[in-house]
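Below: one structure, written as structure tokens.
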Number of protein chains: 2
Amino acid sequence: MLIDRFDLKILEQLQRDDSLSIAQLAEGIGLSVTPCWRRIQRLEKEGVIEKRIAVLSPEKLDLGLTVFVMIKTDKHNQAWLNEFQETVKAFPEIIEVNRLAGEYDYLLKVITRNNQSYDAFYKRLIARIELSNVTSCFSMEQVKKTTELPLGEIT
Amino acid sequence: MLIDRFDLKILEQLQRDDSLSIAQLAEGIGLSVTPCWRRIQRLEKEGVIEKRIAVLSPEKLDLGLTVFVMIKTDKHNQAWLNEFQETVKAFPEIIEVNRLAGEYDYLLKVITRNNQSYDAFYKRLIARIELSNVTSCFSMEQVKKTTELPLGEIT
DNA sequence: CACTGTTCAGGAATTTTATTCCTTATCGCT
DNA sequence: AGCGATAAGGAATAAAATTCCTGAACAGTG
């Protein structure tokens, strides 16, 4: 799977905005419509393009609170792990979960409406699974947020 | 700006996958094409739909390393803050930056190719701006990752 | 209770865009 | 030079988005 500089331009554009027509995109990158279209098809088939989505505004939907939850656990067996994975997948407020190397075992990103709804979420979470040490870090301000991968590094 | 049940269904579908035609979408939610189209237009104009993008695969693009960088600073003046904001915006590897309440001041999410490129990034970062205390937490595994906002909470 | 204005759904026509099909150019290899 | 593979481009076709028009439901008013 090789990605040349046309593919890279296509990906850069589409990950920023895929609402342009292929004709506009093709013109922007200096290619005609058909080969450009074929490249997009290929990138989708290969899985380089995972999906196409609409990004919604959390603020407009009254989902203005982001909290990062840091978790330490003393249970490192498979059963607990499975239960944990099932649990986080069941909560739509949990946007992202990473298992970490270092002091904390897991980092969760949670989006809710406000303090009160976060508290309700938190209670439901700890009721469902045992977590030995939980720290909630409230986000005061989104300084930067992007969905774009850094493609510049790719040759 | 009121959002009814139809709008919610549209948003839920589009934030999951916007590659369907409006005809398919309209059928799925029980509306005909034109009113469905008009609702999408309105949601875009109002900013509830921020943008439409392609989500790319980090793995396929050899961007398999995610690191969370926790920063404490002793400089809380406006000049430093501006410089910090400019800096994080200039680094495409920095995907997300939140100012936190609590022990740490900032949490950064960084995506790079591997340890080596992370180290190169880290050196460039600390060369550019003074940070008094920096902890890098490497992600071992993405347990969950979604781009979908929890719309279930909205009435 | 009609009348009127407003809002919103739906169908059909039209325009735009995506997709297919076919032809041509380029390049590496023997 | 000749062959085969790979990729580009143009034109035709299919599909989708967008516009335009009609009609239903409903609240406010004389």
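All values below were derived from every heavy atom in this structure, side-chain atoms included, with hydrogens, water molecules and symmetry-related copies excluded.
If you take CG of D4(B) and P of dT7(C), they are 15 Å apart, rounded to a whole angstrom. For I40(B) and dC8(C), the CD1 to P distance is 16 Å, given to the nearest whole Å.
Apart from V55(A) itself, the hydrophobic cluster it occupies contains I53(A), I53(B), V55(B), where clustering links Ile, Leu, Val, Met, Phe, Trp and Tyr at side-chain heavy-atom distances under 4.5 Å.
With a cutoff of under 4.0 Å to any heavy atom of chain B, the contacted region of DNA chain D is bounded 5' to 3' by dA16(D) to dC20(D).
By the 30° and 60° cut-offs, the orientation of the rings of W80(B) relative to F84(B) is parallel.
Criterion: ILVMFWY side-chain heavy atoms under 4.5 Å apart, direct or through other members. Under it, I10(B) and L151(B) are part of a common hydrophobic cluster.
Of all the heavy atoms in V143(A) and R99(B), the pair that sits closest is CG2-N, 4.2 Å.
Each of N133(A), T135(A), N98(A) was scored for a side-chain hydrogen bond (donor to acceptor under 3.5 Å, both in side chains) with Y104(A), with one residue passing: T135(A).
Taking a cutoff of 4.0 Å between a charged side-chain nitrogen and a carboxylate oxygen, D62(B) and R113(B) qualify as a salt bridge.
Using a 4.0 Å heavy-atom criterion, one finds that R39(A) contacts the sugar-phosphate atoms exclusively.
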Counting primed atoms plus P, OP1 and OP2 as sugar-phosphate and everything else as base, spell out the protein contacts along nucleotides 11-23 of chain C at 4.0 Å heavy-atom distance: B, S or - for each nucleotide, 5' to 3'. BB----SSBBB--
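The main-chain N or O of E12(A) is never found under 3.5 Å from a side-chain atom of Q15(A) such that the two would form a donor-acceptor pair.
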With side chain to side chain donor-acceptor pair (under 3.5 Å) as the criterion, how do Q78(B) and N82(B) come out once you've worked through the C-alpha distance, each side chain's angles and the decisive distance to 0.1 Å? CA-CA 6 Å; Q78(B) 192 63 44; N82(B) 288 341; 3.2 Å; yes
